[in-house]
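Step one of this worksheet: look at the structure below.
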Amino acid sequence: MPNFTAVTSRAFILISESHSTSSPLSAHASGPLRGHLRPPGDKSVSHRALILGLLSVGKTEISGLLEGEDVIRTAEACRQLGARIIQHGAGAWSVEGVGLGSLLQPSDTLDFGNAGTGSRLMMGVVAGHALIARFDGDASLRKRPMKRILDPLLLQGAQVIEQSEGGRLPLVLQGTSEPLPIEYKTPVASAQIKSAILLCGLNSPGRTVVLETEASRDHTEKMLHYFGASITSEPYGSHGRKITLSGRPELIARAVVVPVDPSSAAFPLVAAIIVPDSQLLIEGVMTNPLRTGLFETLREMGADIEFIDPRVEGGEEIADIKVSYSKLRGVDVPASRAPSMIDEYPILAIAASFAEGETRMRGLSELRVKESDRLAAIAAGLKLNGVSCSIIDDDLIVQGSTVQGGGFVETHLDHRIAMSFLVMGLASKQTVTVDDAQMISTSFPQFRSLMQNLGAQFS
Ligand code: S3P
């Protein structure tokens, strides 16, 4: 049996070191994309599987784990907090947890690289334990707001010992072994804020309640329930949810099957829609209704997207997706849909560039605080490639037509900006180049090879 743990750590070091120089990549007009593929496991579910494995007693066996750099960083942090984590084969990992309340004091900085989700969820975990941990990340993560996470954690009893300007990384957090039960209304629809509060509240002697006016992805709630916690979710207002967690459950290790990430499947899916004569079958994609806003929007635009064999696997809804080249028309995307497709606006903007007429995407303020200021990065990239667009307040308006291409796009350490503009280049008249394709490994390490297998041309 090969020593996969060693291989993984070496790969991780190599990935980290290689980020010091950038690596441009160009996408060229390609023939039809055809065939079938299985994109990698869901990033949100992968982070949570490792973290709940850490907090459980027993061995959590995970299959289909995303082996992207973001998730590897979370695995490293879980190791520092006491978990024994082993890779047994491609996507097959086990986590022997130390159990809620028994985490170890980390001896080193928890460095999350580019990973917003890993760092923020882990702040919740640390906040609910008598530990002191230093959190850090790359230049992109150091720019992202953490106050929105720290505010509720402070109410729960954690303390911030050190922080960078405006509540940013690097920061030092001191947790408590007796988190206070709180009721908290999240100021924005954010699964990361909700999850940090719930993960801290796990070790509270009382009940923790999170209110959200727009429902955000519910993987934390589903997985906590699956691992044995007492947690309920009920409607709150017209689009929201009230989540109630009873503290101090005994979390029991369970087997987790990670479904395919719809946010990664989005790239080959849109590529097939905009490259003439394409047809793809994308296997095993998660179709959790809180993640499917892109599919709904593309269908409204006229895209031929069919869910085949819908089923439930590992507690999540999944389906194979058949997608074919389609003529698109512009649509008006309501702000209320944003939480269910928050990571998909860069690739939706690419689809909108090829549509007939105007697409208006409303209520995108949260895009300004992602891995980059995505609103600005999308608009700049579109303009460089001859697409007319504007930002009015928090709305992005794209005028679709034939796309010229020819641009050299700045990705600002953002994997989804990189993949989106590479997809644009497959269907535009001239080559599209991104300044750095390395960050793609944070969420979709096999992007280039899987796309090339389907007929995509990169150089
Ligand atoms: C995520 C939540 C979203 C999303 C991110 C993953 C999660 O962030 O953009 O990629 O796994 O909880 P917000 O909570 O900031 O909306």
Side-chain angles (χ1 to χ4, degrees), residues 44-57 60 62 70-85 95-112 115-137 141 146 148-161 169 171-182 184 190-205 208 210 219-221 223-224 227-229 231 243 245 247-253 256:
S44 296
V45 173
S46 295
H47 284 299
R48 287 159 171 83
L50 292 168
I51 291 172
L52 289 202
L54 162 74
L55 294 172
S56 302
V57 175
T60 293
I62 307 171
D70 276 14
V71 175
I72 302 298
R73 297 278 185 166
T74 293
E76 289 296 322
C78 289
R79 282 191 177 119
Q80 281 219 52
L81 293 166
R84 185 160 180 268
I85 301 185
V95 184
E96 276 176 63
V98 281
L100 188 60
S102 306
L103 304 190
L104 304 185
Q105 169 63 43
S107 54
D108 209 344
T109 296
L110 305 180
D111 185 345
F112 285 92
T117 306
S119 60
R120 288 164 165 167
L121 267 52
M122 203 58 91
M123 283 181 202
V125 171
V126 165
H129 286 80
L131 304 173
I132 298 184
R134 184 170 187 276
F135 289 79
D136 204 354
L141 192 55
M146 296 299 166
R148 53 173 56 194
I149 304 291
L150 298 173
D151 282 347
L153 298 181
L154 295 183
L155 293 176
Q156 288 172 287
Q159 289 178 55
V160 180
I161 309 288
L169 298 186
L171 64 80
V172 178
L173 188 64
Q174 176 164 17
T176 168
S177 57
E178 288 277 320
L180 298 170
I182 62 164
Y184 194 81
S190 162
Q192 295 178 353
I193 302 177
K194 170 176 66 181
S195 302
I197 298 167
L198 294 173
L199 289 168
C200 177
L202 270 178
N203 207 19
S204 166
T208 300
V210 182
H219 309 303
T220 301
E221 297 93 300
M223 212 182 281
L224 279 171
F227 276 70
I231 182 163
I243 298 116
L245 170 73
R248 306 249 165 109
E250 193 181 339
L251 296 177
I252 305 292
V256 179

| query | If you look only at pairs with a residue in residues 118-128, which of them pass as a side chain to side chain donor-acceptor pair (under 3.5 Å), with sequence neighbours excluded? | reply | R120-Q192

| task | Working to the nearest 0.5 Å, report the span between CD1 of I193 and CG of L121. | result | 11.5 Å

| task | Give me the one residue out of L251, I252, L55 that meets side chain to side chain contact (heavy atoms under 4.5 Å, CB included) with F227. | result | L251

| said: With a 3.5 Å distance limit and no angle check, can you tell me whether E221 reaches the backbone of I231 through a side-chain donor-acceptor pair? | reply: no

| request: Output all residues satisfying side-chain contact (heavy atoms from CB on, under 4.5 Å) with I132, sequence neighbours left out; order by chain, then residue number. | output: Q105, V172, Q174

| Student check: side-chain heavy atoms of T117 and D70 closer than 4.5 Å | no

| message | If you compare all heavy atoms of L103 against all heavy atoms of V98, which two are closest, and at what distance to 0.1 Å? | response | CD2-CG2, 3.3 Å

| With S204 via side-chain hydrogen bond (donor to acceptor under 3.5 Å, both in side chains) - residues at least two apart | none

| task | Answer yes or no: is there a donor N or O on one side and an acceptor on the other, between the side chain of Q80 and the main chain of D108, under 3.5 Å? | result | yes

| Under 4.5 Å between any side-chain heavy atoms of V126 and F135, yes or no? | yes

| field | Non-hydrogen atoms of S177 and N203 that approach each other most closely | value | O-ND2, 3.8 Å

| query | Considering all heavy atoms of both residues, which atom of L169 and which atom of D136 are nearest to each other, and what is their separation? | reply | CD1-C, 3.7 Å

| message | Once rounded to the nearest 0.5 Å, what's the spacing between atom CD1 of I149 and atom CG of L154? | response | 11.5 Å

| message | The test is side-chain contact (heavy atoms from CB on, under 4.5 Å); show your working for I243 and T208 and say whether it passes. | response | CA-CA 8 Å; I243 298 116; T208 300; over 6 Å; no

| Would you say the side chain of M146 lies within less than 4.5 Å of the side chain of L171, judging by non-hydrogen atoms? | yes

| task | Name all pairs fulfilling the salt bridge (Lys or Arg N to Asp or Glu O under 4.0 Å) condition that reach into residues 45-54, sequence neighbours left out, sorted by first residue then second. | result | none

| task | For residues I62 and A49, report the shortest heavy-atom separation together with the two atoms involved. | result | CD1-CB, 3.7 Å

| note | Sorted by chain and residue number, the side-chain contact (heavy atoms from CB on, under 4.5 Å) partners of E96 (sequence neighbours excluded) come out as K59, R84

| field | Listed partners of E178 passing side-chain hydrogen bond (donor to acceptor under 3.5 Å, both in side chains), at least two apart | value | R248

| message | My understanding is that only residues two or more places apart in sequence, or in another chain, count here; which of them pass side-chain hydrogen bond (donor to acceptor under 3.5 Å, both in side chains) with H129? | response | none

| message | Test of understanding: with side-chain contact (heavy atoms from CB on, under 4.5 Å), list the residues that count as partners of S46, not counting sequence neighbours. | response | L65, L66, V71, V258

| query | Looking at M122 and A77, what are the two nearest heavy atoms and their distance? | reply | CE-CB, 3.9 Å

| query | Any side-chain heavy atom of L81 within less than 4.5 Å of one from L104? | reply | no

| request: Could you list the residues that satisfy side-chain hydrogen bond (donor to acceptor under 3.5 Å, both in side chains) with T60, not counting sequence neighbours? | output: none

| request: Taking side-chain contact (heavy atoms from CB on, under 4.5 Å) as the test, write out the residues that go with A158, two or more places apart. | output: A127, L153, L173

| Shortest non-hydrogen contact from L141 to G116? | CD1-CA, 3.6 Å

| Minimum side-chain heavy-atom gap T220-L224 below 4.5 Å | yes

| said: For a 4.5 angstrom cut-off between non-hydrogen side-chain atoms, does M123 reach C200? | reply: no

| note | Rounding to 0.5 Å, atoms CG (L50) and CG (L54) come to a distance of 9.0 Å

| Is there a side-chain contact between L180 and L155 (heavy atoms, below 4.5 Å)? | no

| said: Check E76 with R79, please: is the shortest side-chain N to carboxylate O separation under 4.0 Å? | reply: yes

